[in-house]
Amino acid sequence: MARRAASAASAAAPAAIAAELARIVAALNPEQRTAVTTTEGPLLVLAGAGSGKTRVITVRIAWLLAHGATPEQLLAMTFTNRAANEMRERVAGLVGAERAKAVTVGTFHAFCVRLLRERGHAIGLPSRFAICDSSDQLAALKGALRELRIPETTLHPSALQSQISLMKSKLLTPIDALKQADDRRAKQVAKAYAKYDENLRRTRSVDFDDLLLFAVRLLRESAKDREELAARFRYVMVDEYQDTNAPQYELLRLIAGAHRNLCVVGDDDQSIYGWRGADVKKILGFERDFEGAAVVRLETNYRSVEPILEAANRVIACNPSRHGKTLRSALGPGEPVVVKRVEDETAEADLAVREITDRMREGLSRPKDFAILFRAATQARAFEAALRAKQVPYRLVGGMSFFDRKEVRDVLAYLRLAANPDDEVSLLRIINCPPRGIGKTTIDKALAYATAEGIPVARAFRQANAIAGLPAPAVEAMQAFLGKVAALGAADPGRDLVAWIRRVLAEFDYRAEVDRAYPDPATREERWQGVLELVNFAENHVRRASAPTLSSFLEALVMSSEDSEEEKESARDVVTLMTLHSAKGLEFPRVFLVGVEEGLLPHVRAVTENTVEEERRLMYVGITRAQRHLTISCVKSRARGGHRGESMPSRFLYEMRGEAPPKMWRPCEPREE
DNA sequence: GGATGTGAAGTTTTT
DNA sequence: CTTCACATCC
C-alpha cells in the first residue's frame, strides 16, 4: 500500500485500446455514459436491477486510466469476494492484465487487513494478528460467557454473536453498550461484549467487524496515515453502496472526504441487509453528506422482459422512502408473470418441479436455467425432496460450507495452533482430538486456573503440573501435545507448506482419528477426502501467492468463502435453490418465487418489528432476478414450527397487480408495544 | 470420557 | 418435523 505510484507501466497506452474504449463508451446509453465520464467530485449512481452497474464501474475505471489517472490512484471497494473477482477480471479485459493488477480492487475487509498489517502499529496493533471467522467467534463468545458465569441458556451464544456484530457495525463500543443498557439482559450483553473483546486482544485476534473498526480508528488517530492514503487513492469507487454500514461509511469519508472524488454505485431498492447493520440512509442521504454530488439514474434494464419489470415497479413503488426509479425493459414484451395458489408446500414443490421437467422435455431449457427462490432456508426441504424424486440435479446454495465440516475445522485448528500458539479456540478444539486422555474435568480445571491466574489458556496448559488435582497422565499428555505443537510451529514452512501439512497430519495421526470417529467406510472416505481437499487448497495457494506462508494461507482461507473443487464441479448444469438474500446480483431465465405469503414474505417478525419496507425490497430483488419467466406461488396451508396453519397470500401480490387487498383479508398485525 | 436420550426452539448471511 | 444443546448413564 505504501508502494510509490510506479509509472513504469506501458509508456504509451496502445492506440488499439484507446479506440476500443471509445467504441465501448459510445455503445453505452446516455446515463451510463454520464456515470462513466463524470470523474471529478462526488457522484451517486442509482443503478436499478439489471441496468449494467458492473459495466459502468469497470468502464469508468478504464476511462479514468485513459484520462490521466494512474492505476495506483484507483480504489474500488466491494462487499463480496465474488464481486471483487468479477470486477478485477472485467477491468483486466478492458485495460490489460498488467495495468489492472495495479488497480486496488477488493472487499472492504480485505482492504482493511492490508491497511492494518502495514500500518496497524500506529494504533498498537500487533502486525501478526489472527482473524476469527464466525465459528471462532462463537467459541470465543462461549469462553467469555463461561468466564462471566453466564449460562448459555440465559444468553444464547449465536444471538449474542449477532448482537455484538450489530453493535460493532453501528460503531458502538462495549462502554457505549453498557451506558445504553437499560435492563439486566442488555447489561449482560454489554459485559459479554467487553469480555469477548478483551479475550480477542489477549489472543492477538480480531473478528471481521474489528477489521473495519480498527481501520477507522487508525485513520482517525493517525493524520499521517490518513493523508498518505488520501493522497494515494485519488479516485474511490464503491459497489453496492446501499449495503454500507457505519464503519464502512466512516472509512470512505476518511479516505475520500478531502478530495471528494467518491463515486458510489448502488440501489436503495435492493437494500436488504438492514438487520446486520447496513444503513439505507447512507445512500438516501448521499447528496446531503457530499454536497454538490452529481446524481445519475440507470433505469434501463437489460435483463428482464416487460411484464416482469412492470410487476417489480408496482411493488417497489409502495415503499415511501426511496430515491424513486422506474425500470424500463430493453428486451421488450414477454410472457406474463404467473401467480398460483396451491394447497400446501408439497403441492408447491410439485408445481415447480413439474414445470421444470416439462420445460426440459421440450428441449429448450436446461436445469441451470431455473432458480427456486424463497424467504427462509427451511423452505428448501420440500423442493429438495421433489427434485430428488424426479431425479432433477440441483444445488442448494448456502447450507454447510466446506470449511464448516468437522474434519476440515479440526485440521485447520492444528495448522492455526502451530501458527499461533496463543490461539485458545483452536487449542480447545483439538486438545483431545484424537483422544489423548484429557477429559472435560481436566480441561475445566485448567480453564478455571487460567481465569483465576489471569493467564492465557495455553500457558495454563503448559503449567499443568502447577494445577491442583489433575491426574498425572493427563498432565503428561498435555505437555507432550504442546511440545509437538511448539516443534511444528517453530518455523513457518513457507513454500513447503504442503509437505509440512502432510507432516502435521502424520504427526498427530489424524487419519487414524477419522477411521476411529467414522465406523462407516463410506463416510470415513468422504471425511478423509475433505482433509485432502484442504491440502489441495494449500497447493493452489502456494502456486498462486507470490510469497506463500502458513499465515498467508490461513488468512486466505478465512477471508474467502471459496467453494471446494467438488462443489464447483457439481455446480455446472443444475437447478439452483436459494434464499432471496443469496440471490441478489444473480439472474436466471426462469425463476420460481415461492412461499409469497403473509408471515413468510413479509416475515412475521418483520411485521412486528416494522421492517416491512425491507421485506418489500426482498420481494423486488426476487422478481428482478427473472429474465424471461417468473412464476410466483403461495399456499393455503403451511406447516410452520411443527404446526400446520392457514396461509394468506402476501400483501405484495396485491401490490404487484396494483390492487387493494380484499376486505376479508387480514395481514399479520403489527404488535402494539 | 464417550454414547444415548430428552428438551426447547426454530428469518435472512458475508467477511 | 428436525436440529442442536444439555443431562444422564455406562
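First the proteins, then the strands, lettered A, B, ... as listed; each starts at 1.
Nearest nucleotide to the side chain of A/Ala376, out of B/dT13, B/dT12, B/dT15: B/dT12. In this structure, the nucleotide among B/dT13, B/dT15, B/dT11 sitting nearest to the side chain of A/Ser134 is B/dT15. Residue A/Glu615 has its side chain nearest to B/dT11 when only C/dA5, B/dT12, B/dT11 are considered. For A/Thr80, whose side chain is taken as the heavy atoms from C-beta onward, the closest listed nucleotide among C/dA5, B/dT14, B/dT12 is B/dT14.
Between A/Glu555 and A/Arg117 there is a salt bridge, since at least one side-chain N of the basic residue sits less than 4.0 Å from a carboxylate O of the acidic one. Looking at A/Arg638 and A/Glu646, no side-chain N of the basic residue comes within less than 4.0 Å of a carboxylate O on the acidic one, giving no salt bridge. Ion pairing between a basic and an acidic side chain is recognised when a charged N comes within 4.0 Å of a carboxylate O; A/Glu587 and A/Arg625 show no such pairing.
The same atom, C1', is picked in B/dT12 and in C/dA5; the two are 23 Å apart, to the nearest Å.
Side-chain polar atoms of A/Asp267 and A/Tyr241 form no donor-acceptor pair below 3.5 angstrom.
Atom NZ in A/Lys406 sits about 16 Å away from atom C1' in C/dC4, given to the nearest Å. Separating the CD1 atom of A/Ile272 from the P atom of B/dT14 is a distance of 11 Å, rounded to the nearest angstrom. A/Leu580 places its CG atom 15 Å from the P atom of B/dT11, with the value rounded to the nearest Å. The nearest whole Å value for the distance from the CD atom in A/Gln248 to the P atom in B/dT14 is 15 Å. A straight line from OH of A/Tyr273 to P of B/dT14 spans 6 Å, rounded to a whole angstrom. The CD-C1' distance, from A/Glu240 to B/dT14, rounds to 12 Å in whole Å. For the pair A/Arg644 CZ and C/dT2 P, the computed distance is 13 Å after rounding to whole Å. Separating the CG atom of A/Leu138 from the P atom of C/dC4 is a distance of 12 Å, rounded to the nearest angstrom.
The aromatic ring of A/Trp275 stacks onto the base of B/dT12, its centre lying under 5.5 Å from the centre of the six-membered base ring with the two planes under 30° apart. Here A/His581 does not lie in a stacked arrangement on the base of B/dT12, lacking the combination of planes under 30° and ring centres under 5.5 Å apart.
When the side-chain nitrogen and oxygen atoms of A/Ser582 are compared with OP1 and OP2 of B/dT12, none of them lie within a distance under 4.0 Å. Look at A/Arg381 and you'll find a side-chain N or O under 4.0 angstrom from OP1 or OP2 of C/dT3. Dashed line: the shortest gap from a side-chain N or O of A/Asn81 to OP1 or OP2 of B/dT15 is under 4.0 Å. OP1 and OP2 of B/dG10 both lie 4.0 Å or more from every side-chain N or O belonging to A/Thr378.
Base orientation of B/dT12: anti, since the glycosidic angle falls outside 90° of 0.
Among the protein residues, A/Ala639 comes within range of no part of the nucleic acid, since none of its heavy atoms lies under 4.0 Å from any strand.
Annotation: A/Arg201, atom CZ; neighbour count of heavy atoms from other residues, nucleotides and ligands within 6.0 Å is above 12.
Rounding to the nearest 0.5 Å gives a distance of 8.0 Å between CE of A/Met237 and CD1 of A/Ile57.
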